[in-house]
Amino acid sequence: QVQLVESGGRLVQAGGSLRLSCADAGRDFSSYLIGWFRQAPGKERVFVAAIKWSAGSRYYGESVKGRFTISRDNAKNTVYLQMNSLKPEDTAVYYCAVANYYSSAQNPSSYDYWGQGTQVTVSS
């Protein structure tokens, strides 16, 4: 049973940094595509970043390239999203999700399991 749990979201000032974590005690991430999406109030869920666990391949949305980094910790079965140079427009609920390894990273419909989300608020 997949039990994705995100953590690390909080209020931060513009220009600051945060690191989000996504862990699942019930599933080995090594055979999956793990993605981060975000959703601001009244807007659609948007792709942020993804990683193919075993290959280490990384994918990023255009708006976060150069600022955000996705990584993994094999021993902890945890995926991280390091967010630097945060902007007020990064404010959203951030979701972690799991998909089949060969799925399209950017398409939210590819993902079968989702976490409950963690709120990131960037003040100007």
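Quick note: numbers below take in every heavy atom, side chains included, and nothing from hydrogens, waters or symmetry partners.
- Taking both residues in full, the closest heavy atoms of Tyr111 and Ala50 are given as OH-CB, 3.7 Å, listed atom of the first, atom of the second, then distance.
- No donor-acceptor pair under 3.5 Å is formed between the side chain of Ser110 and the backbone N or O of Ser103.
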Which pairs would a plain distance check flag for residues 7-19, meaning a side-chain donor or acceptor within less than 3.5 Å of a matching protein atom at least two apart in sequence or in another chain?
from: Ser17; atom 1: OG; to: Asn84; atom 2: OD1; distance (Å): 2.9

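- Taking all atoms of both residues into account, the shortest heavy-atom contact from Val5 to Gln116 is CA-OE1, 3.9 Å.
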Worksheet item: Should Ile70 and Tyr59 be marked as a side chain to side chain contact (heavy atoms under 4.5 Å, CB included) after you check the CA-CA gap, both sets of side-chain angles, and the distance that decides it?
Response: CA-CA 8 Å; Ile70 190 169; Tyr59 311 87; over 6 Å; no
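- Considering only heavy atoms from C-beta on, Glu89 stays 4.5 Å or farther from Val122 through its side chain.
- In the hydrophobic cluster analysis, where Ile, Leu, Val, Met, Phe, Trp and Tyr join through side-chain heavy atoms closer than 4.5 angstrom, Val48 is grouped together with Tyr113.
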Discussion item. Leu4 vs Phe29, test: side chain to side chain contact (heavy atoms under 4.5 Å, CB included). Steps then yes/no.
Written reply: CA-CA 11 Å; Leu4 293 169; Phe29 278 168; 3.6 Å; yes
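- For the atom pair Asn74 CG and Ser30 OG, the distance stands at 8.0 Å (nearest 0.5 Å).
- Listed for the Glu6 side chain is a donor-acceptor partner under 3.5 Å among the backbone atoms of Cys96.
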Run the side-chain donor-acceptor check on residues 36-43: report pairs under 3.5 Å with partners two or more places apart or on a different chain.
from: Arg38; atom 1: NH1; to: Asp90; atom 2: OD1; distance (Å): 2.8
from: Arg38; atom 1: NH1; to: Tyr94; atom 2: OH; distance (Å): 2.9
from: Arg38; atom 1: NH2; to: Ser63; atom 2: OG; distance (Å): 3.3
from: Gln39; atom 1: OE1; to: Arg45; atom 2: NE; distance (Å): 3.2
from: Gln39; atom 1: OE1; to: Arg45; atom 2: NH2; distance (Å): 3.2
from: Gln39; atom 1: NE2; to: Lys43; atom 2: O; distance (Å): 3.0

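- Although no hydrogens or angles enter the test, the distance criterion places a donor-acceptor pair under 3.5 Å between the side chain of Asp24 and the main chain of Gln3.
- Cluster membership for Phe68 and Val46, using ILVMFWY side-chain heavy atoms within less than 4.5 angstrom, is not shared.
- Considering every non-hydrogen atom in both Ala55 and Tyr101, the closest pair reads CB-OH, 3.1 Å.
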Item to complete: Applying side chain to side chain contact (heavy atoms under 4.5 Å, CB included), run through Tyr80 and Arg72 and close with a yes or a no.
Response: CA-CA 6 Å; Tyr80 300 102; Arg72 70 188 193 276; over 6 Å; no
Practice prompt. Check step by step if side chain to side chain contact (heavy atoms under 4.5 Å, CB included) holds for Trp53 and Val79.
Written response: CA-CA 9 Å; Trp53 188 273; Val79 171; 3.2 Å; yes
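- Taken together through direct or relayed side-chain contacts under 4.5 Å among Ile, Leu, Val, Met, Phe, Trp and Tyr, Leu33 and Trp114 form part of one hydrophobic cluster.
- By the side chain to side chain donor-acceptor pair (under 3.5 Å) test, Asn77 is found to be paired with no residue, residues two or more places apart in sequence or in another chain being considered.
- Counting only heavy atoms from C-beta outward, the side chains of Val120 and Leu20 approach each other to under 4.5 Å.
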